[in-house]
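These numbers come from a predicted model, not from an experiment. In what follows, chains are A, B, ... by sequence order, proteins preceding strands, each numbered from 1.
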Protein chains: 2
Amino acid sequence: MTKCGEATGPVTMQSVAKAAGVSPMTVSNTFKYPERVQEETRRRVREVAAELGYIPNHVAGNLASGQSRVIGAVIPSIKNSSFYKYVRGMQDAAAETGYELVLKLADTKRQETAAIRTFIGLRVAGMTLVGNEHEDQAADLLRKTGVPVVEAWVHRDPLDMAVGYSAAAATRAMVDHLAAAGRRRMGFIGYAGDVASRYTERLPAFEERMRQHGLDPGLCHLADEADGFGAGPKALDALHRMDGSIDALLCPTDIVAAGVLFECGRRGWSVPERLAVAGWGDYEIASEISPQITTVQPNAYEMGRTAIDMVVARAAGLESGTRLTDTGFEIIARASTAAGME
Amino acid sequence: MTKCGEATGPVTMQSVAKAAGVSPMTVSNTFKYPERVQEETRRRVREVAAELGYIPNHVAGNLASGQSRVIGAVIPSIKNSSFYKYVRGMQDAAAETGYELVLKLADTKRQETAAIRTFIGLRVAGMTLVGNEHEDQAADLLRKTGVPVVEAWVHRDPLDMAVGYSAAAATRAMVDHLAAAGRRRMGFIGYAGDVASRYTERLPAFEERMRQHGLDPGLCHLADEADGFGAGPKALDALHRMDGSIDALLCPTDIVAAGVLFECGRRGWSVPERLAVAGWGDYEIASEISPQITTVQPNAYEMGRTAIDMVVARAAGLESGTRLTDTGFEIIARASTAAGME
DNA sequence: TTTTGATTTTGTAGCGCTACAATGGCAGAG
DNA sequence: CTCTGCCATTGTAGCGCTACAAAATCAAAA
């Protein structure tokens, strides 16, 4: 029975308590520890709260309890569909454990630091970051405050905790795959400039593995990360000039690989006969384009889930939690790297 | 001069005040209203705060002031690169106006409602949503709390405020563009099922405009939104069966258009000679694929900026703010729809 | 020197909620 | 009929900060 017409100021726990004829603590308990409140009382409080349109003020709750149910995730970009799956994994895991996930985008290290500062200011229960390269200031902040933090997409030297897979291992696996398909003159496309370690790890692994196969690891080209599809044609051009007999190409992303495929089309090169093309990241385009692109599937969803589980475990006080989780990867072999002779 | 070794409990405003020999209010003002504090004092407070590693607790600040510098954005997905630009626009505008933008992903209406509830629980200063179709419960919540909220990507019937462009106008412009290029048998691909109005607006506009041109508007196919690239081949197949002389195709996204291009490649159809293909959304792939795809460029970045500006204006108490902003669109004409006879 | 007015600083009183200890009520044991 | 033990419920205090008004400071004017 709502009395209509009365001034509807902000509905507070106090007002719900008064309307339900109980103390504020009972209202609080009804929402936070329902088992502490008798069924009958609980039902009535819930009813009154719903009628009044009460929404608990988590800001006040956080302040009073010193605890938060919010986890902040900093992500470098959302252009990459792998990150989409990563975020989905985090979202699902958070929902299942009763936490809220909020995101902040940060394209640069400086923005990452700002995002971390914001999240700390909001006193989140924990955070997830991408990569393990941060500004000193950011690392200090995290260490000093001791918030649970998981670095995803890396699997070494965690600030606190980390979850990821070995880009080096994936690179080796891809070289093995191409070698098994009979390729010999493999080219490698990397990224130039100040890029994340999940990219820089790859070239040394490529060179090492090529040597182990007795192959020449010198066919490398560094592309501009901002180029997207466009990096493909440029890189193919450069590498083909270096060695006209190049017969395989490892690309940093499926997007670049698709760019290479478009360029092959223009040149009239058939893939995989003339050139085998390998991508990275299991983007949607890799399975839709013709020929379909062989790729590294990084288990992004699983990684996201694990990241949140680690944060939650630490936030819940389980100090024994794992500091490092390897969620692995998978080489998805497709037409773009099929063996030359069937 | 930090006294080392002492128990470093959480650094609060109180402790900074004590260490700097001023009252807590002076510390508060130093950060919130620097001009109220004398230069000398301000400098000292800042110094001490930095030394102690003080990070203002915005949770407490929000509670005390009843105000927040956080804006929540609910986005339906991050797969679409237009949303990326939209988010970037929001991020930049928020940073410039001194607000913090946090994101929540919501693929479904139910998740959207949950996200809205979370943001309200966090007492954000305002929110942005995508689209104008929400659960009744969500609309109630927003109305009742009166938080400033902007619906983006739509330009009608705002809950509170809205920013977007007319998908119908863009559809008409695209039909005109194709007609001007000499196309007569145009096919339309839409999305089946319960999709957002920014999609459903298009078909009626297509049909109406086709009739105005004296053309047959019957060549329509509804695809599955989840199909991505894969929708292209399916739709082309269906429409070609309906009318073998189909000479143009309006796709719901550049992704679908790219899928159509792949399928044309398989069939040996040349684009645009045999079939003109138009996309939507100005995805990266549209300008990278060959031939480049004509598309609708929705000014997503601008839209994001405007959304935040509207929220901020309302949050700052300027009730006179605009309720509805049209950020327009642009038809980017490319090779995929070039006139048949040059 | 006293007064005035502007500027800078400081108490006071909460914001809405939750931890904790304490209360009240009520069953069954003595 | 009292006492113990247990549960449901309730005050009390305070989380860290800010709005507001009051107080202190100080230079210039009278």
Which residue, A/Pro24 or B/Leu63, contacts DNA chain C at a nucleotide closer to its 5' end, judged by nearest heavy atom?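 That would be B/Leu63.
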
With a 4.0 Å cut-off on heavy atoms, is [X] in touch with a base, just the backbone sugar-phosphate, or nothing at all?
X       : answer
B/Tyr33 : sugar-phosphate
A/Tyr54 : sugar-phosphate
A/Gly61 : sugar-phosphate
B/Val59 : nothing

Roughly how many Å is it from [atom1] in [X] to [atom2] in [N], rounded to a whole number?
X       : N     : atom1 : atom2 : answer
A/Arg42 : D/dC7 : CZ    : P     : 15 Å
A/Met25 : D/dC7 : CE    : P     : 18 Å
A/Gln38 : D/dC6 : CD    : P     : 18 Å

Is it the case that the side chain of [X] and the backbone of [Y] share a donor-acceptor pair, with hydrogens and angles ignored and the cut-off at 3.5 Å?
X        : Y        : answer
A/Asn299 : A/Thr327 : yes
A/Ser28  : A/Pro24  : no
B/Glu151 : B/Leu159 : yes
B/Ser15  : B/Val11  : no

Indicate yes or no: does [X] engage [Y] in a salt bridge with an N to O separation below 4.0 Å.
X        : Y        : answer
B/Glu135 : B/Arg110 : yes
A/Arg43  : A/Glu40  : yes
B/Lys85  : B/Glu302 : no
B/Glu112 : B/Lys104 : no
B/Lys109 : B/Asp194 : no

Outermost DNA chain C nucleotides near chain B [under 4.0 Å, heavy atoms]: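 Contact boundaries, 5' end first: C/dT8 to C/dG16.
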
Residue-phosphate contact under 4.0 Å: A/Thr41 side-chain N/O, D/dT9 OP1/OP2: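 So the side chain of A/Thr41 is within the cut-off, an N or O lying under 4.0 Å from OP1 or OP2 of D/dT9.
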
Please report how far the helix from C/dT1-D/dA30 to C/dG30-D/dC1 bends, comparing the axis fitted to its first five pairs with the axis fitted to its last five, to the nearest 10 degrees.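 Its terminal axes enclose an angle near 60°.
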
Member of B/Val150, B/Val149, B/Asp160 meeting the side-chain contact (heavy atoms from CB on, under 4.5 Å) criterion with B/Met310: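 Per the side-chain contact (heavy atoms from CB on, under 4.5 Å) rule, the option paired with B/Met310 is B/Val150, out of B/Val150, B/Val149, B/Asp160.
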
May I ask you to list the residues of residues 43-50 of chain B, by number, that have any heavy atom positioned under 4.0 Å from an atom of DNA chain D?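 Under 4.0 Å from DNA chain D: no residue of residues 43-50 of chain B.
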
Parallel, tilted or perpendicular: which one describes the rings of B/Phe31 and B/Tyr54, with boundaries at 30° and 60°?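 Aromatic pair B/Phe31/B/Tyr54 classed tilted.
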
